[in-house]
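What follows is one structure encoded as structure tokens, with my remarks underneath.
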Protein chains: 2
Amino acid sequence: MRIVLDAMGGDFAPAVTIAGAVWAARELSEVEIILVGREEVIRQELAKHGTRGLSSPIVHASQVIEMTDKPAIAVKAKPDSSMVVGMRMLKRGEADAFVSMGNTGGVYAAALFQLGRIPGIRRPALSTIYPARTRPIFLLDMGANTDCKPEYLLQFALMGSAYAERVLGIDHPRVGIVSTGEEEGKGSTLVLESYELIKKSGLNFVGNLEGKDIPAGRADVVVTDGFTGNVIIKLSEGIASQLADLIEEEIKSHPISALGGLLAKPAFAKVKRRLDYSEYGGAPLLGVDGVVIIGHGRSNAKAVKTALRVAARAVEQQIVAAIREGIAALSPATEEVDRPEELDVDKILAGREGKGV
Amino acid sequence: MRIVLDAMGGDFAPAVTIAGAVWAARELSEVEIILVGREEVIRQELAKHGTRGLSSPIVHASQVIEMTDKPAIAVKAKPDSSMVVGMRMLKRGEADAFVSMGNTGGVYAAALFQLGRIPGIRRPALSTIYPARTRPIFLLDMGANTDCKPEYLLQFALMGSAYAERVLGIDHPRVGIVSTGEEEGKGSTLVLESYELIKKSGLNFVGNLEGKDIPAGRADVVVTDGFTGNVIIKLSEGIASQLADLIEEEIKSHPISALGGLLAKPAFAKVKRRLDYSEYGGAPLLGVDGVVIIGHGRSNAKAVKTALRVAARAVEQQIVAAIREGIAALSPATEEVDRPEELDVDKILAGREGKGV
């Protein structure tokens, strides 16, 4: 199996991408990791690691899509960027998966242009692993499609369920839809119509999820439009960070609390670890015709390694074929398919660039 | 000034509503609090308090709208409920404000049927006080209108700004709209169109807010559709509660951390107090033709007292007149006004009942 790693993608690339690749190469003996990016820089980074016995081919790409670049423009303006070159290798069958910690919108655009969609798919969805109470849950769309139709949400449900079952190893994953109340009949028009479609899909549909049900982990797959998904992710990060600050502030405001805080420090560290994204590494862009895993821009080497492992598992478990079959079986609900020229990436991404999604 | 209190509304009514009313009556010498509900029960509760020198008239209402009742149906089926009777007094000018800790959808429906809207208002909005980092912020709509149009969001911005300035005492409140990225041009079609309208409104508009900007308090007034607002509120409560559980679990898992947790207990209590809704008491239903304050169903006596104080301040500061003038000045943007018969409460509330909003 060959996995392309966008060596230039992410806030700390190429240092952490190369470190993560070396780490993954040691752990995943059956995987060849192809490093795409500026050859000289990659060689310099590789030299910092002991790479004896590891084979990691380098494919030179002279350009880099920056975190702040506008996705659709950058992908067209930089045809020799690590992202576009890597994605093209996937398209040509020179690799089985593509992994990047870079500009999320850029990966979305590059995948859409190079790979295209799985037949019948209306909109590819960005997903994320959300640290819920008992175990992480899978949420999509987390920001690609700000304006959705019920058919999109049905497809998100199907793709999310397939991914949770095959790649995350959850039997009969519970699929829920974000709404304003638990009972059927609550929510926006979009949710009401999507609910009807998902209910008839044969998935293990547990119905509406309220906001509080997400951190509580009341479903394995959380389906929502990209606007709400984006607000959920960023709000969750914001609250956790504000709460941590607030607790630290109050603890430090009195010597006895401060001592208590010191003694409880390992417990806080454990909480932080349980909420740590780097344990999950990356999440797929689902619906494009290939395995594409996107990691957090702030990924460390461990997260890069984990993202590569996730990609390997997605290839092994044939996630693309599973979605293809699932969508084909759904055909009555998805008869209306947009022609490629209707897919205006800028409009889908609503002007978002970089990690803005 | 006379304020009607729905003595029967809330999870712990009438015990806490009466306790809160007695407390408020002592503090707010210029306010007469009219208790509406089952007279006998109210008298029993009043007898538990020293009420010498306090004048709190009781108006009997034989019915109660329960927390689980469907709003529009309940309001029609229970014309002698404390909610409907109290709202009718406000309509007739027998009171200056109405306060309830009861079924939120019921209050919405009763207010819409009895009071009607301020001329030009498309949809009344439910609001809430959100405990952000530095000081609480004002968020609307928090769940009444799951499907919104740009004109609604413009009106929410105007009403929220007027309330923040007059009642919360914030000079030139910063108004922001929830979106998926900070820059103009990001977000759903609804947000993009609403952005344009609010930008031209003359309000102190700070533009898009990402999810993380809400707990960080990057605006004083947070405008969003009722679907997103509802998810934001319930998700925030859910995360805070999950995080508290997680921290407790990890702290208790080791004797030294447990000791630390014990020493830091007062700090945790302070954090909890800073996030405590009862400090804010209640938030207005804005856009109806009268001062209506809705408190949390789980309100304690202090929250009831605070809600009554909030109502008194809203009357003093003439919030209804301020909104009326603001909307009249906006008229070009609000030419299209729904006829009353188009306002299907069940549809607006999307089948939500009780505290489900």
Side-chain angles (χ1 to χ4, degrees), chain A residues 132-133 143 146-147 178-183 185-189 191-192 210-216 226-228 230-243 245-247 250-251 253-254 256-257 259-268 270-271 274-275 350-352 356-357, chain B residues 132-133 143 146-147 178-183 185-189 191-192 210-216 225-228 230-243 245-247 250-251 253-254 256-257 259-268 270-271 274 350-352 356-357:
Chain A
R133 183 87 183 91
T146 41
D147 287 290
V178 178
S179 188
T180 53
E182 279 180 24
E183 299 87 343
K186 295 194 175 187
S188 61
T189 305
V191 169
L192 299 181
E210 295 189 87
K212 66 181 167 55
D213 296 326
I214 301 167
F227 184 85
T228 310
N230 186 278
V231 172
I232 288 171
I233 299 306
K234 289 182 181 167
L235 177 64
S236 300
E237 287 178 2
I239 293 172
S241 132
Q242 293 297 331
L243 262 180
D245 286 356
L246 208 58
I247 290 171
E250 290 295 353
I251 281 180
S253 72
H254 193 280
I256 293 179
S257 305
L259 173 64
L262 214 60
L263 296 175
K265 211 169 179 179
F268 287 119
K270 267 190 243 166
V271 170
R274 281 173 73 170
L275 302 176
R352 260 175 274 102
V357 289
Chain B
R133 185 85 182 91
T146 43
D147 288 289
V178 178
S179 188
T180 54
E182 280 181 22
E183 298 88 343
K186 294 196 176 186
S188 61
T189 305
V191 168
L192 299 182
E210 294 189 86
K212 65 181 166 58
D213 297 326
I214 302 168
D225 64 276
F227 183 84
T228 309
N230 187 279
V231 172
I232 288 171
I233 299 304
K234 289 180 180 166
L235 177 65
S236 300
E237 287 177 2
I239 293 172
S241 132
Q242 294 295 332
L243 262 180
D245 287 357
L246 209 58
I247 290 171
E250 290 295 354
I251 281 181
S253 72
H254 193 281
I256 292 180
S257 305
L259 173 63
L262 215 61
L263 296 176
K265 213 170 177 179
F268 287 118
K270 267 190 244 168
V271 170
R274 281 173 71 169
R352 259 175 275 105
V357 288

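In what follows, chains are A, B, ... by sequence order, proteins preceding strands, each numbered from 1. All values below come from the heavy atoms of this structure, side chains included, with hydrogens, waters and symmetry mates left out. None of the values given here were measured: they were computed from a predicted structure.
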Side chain proximity check, B/Leu263 to A/Leu263, heavy atoms < 4.5 angstrom: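 Answer yes - side chains close enough.
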Please name the pair of heavy atoms, one in [X] and one in [Y], separated by the smallest distance, quoted to 0.1 Å.
X        : Y        : result
B/Gln242 : A/Pro215 : CG-CB, 3.7 Å
A/Val178 : B/Phe227 : O-CZ, 3.3 Å
B/Thr180 : A/Gly226 : CG2-O, 4.5 Å
B/Ser179 : A/Asn230 : O-OD1, 4.4 Å
A/Lys270 : B/Ser253 : NZ-OG, 3.8 Å
A/Ile247 : B/Val271 : CA-CG2, 3.9 Å

[X], part contacting chain B, at a heavy-atom distance under 4.5 Å:
X        : answer
A/Leu262 : neither
A/Leu246 : both
A/Ser236 : both

Pick whichever of B/Gly238, B/Ser241, B/Gly261, B/Ala240 has the most heavy-atom pairs under 4.5 Å with chain A.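 Ranked by contacts with chain A, first place is B/Gly238.
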I'd like to know which of [options] tops the heavy-atom pair count under 4.5 Å against chain B.
options                                : result
A/Ile251, A/Ile214, A/Asp213, A/Ile233 : A/Ile251
A/Ala132, A/Gly260, A/Ala216           : A/Gly260
A/Glu237, A/Lys265, A/Glu250, A/Glu182 : A/Glu250

How many angstroms lie between atom CG of A/Leu243 and atom CZ of B/Arg133, to the nearest 0.5 angstrom?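 If we round to the nearest 0.5 Å, A/Leu243:CG and B/Arg133:CZ are 9.5 Å apart.
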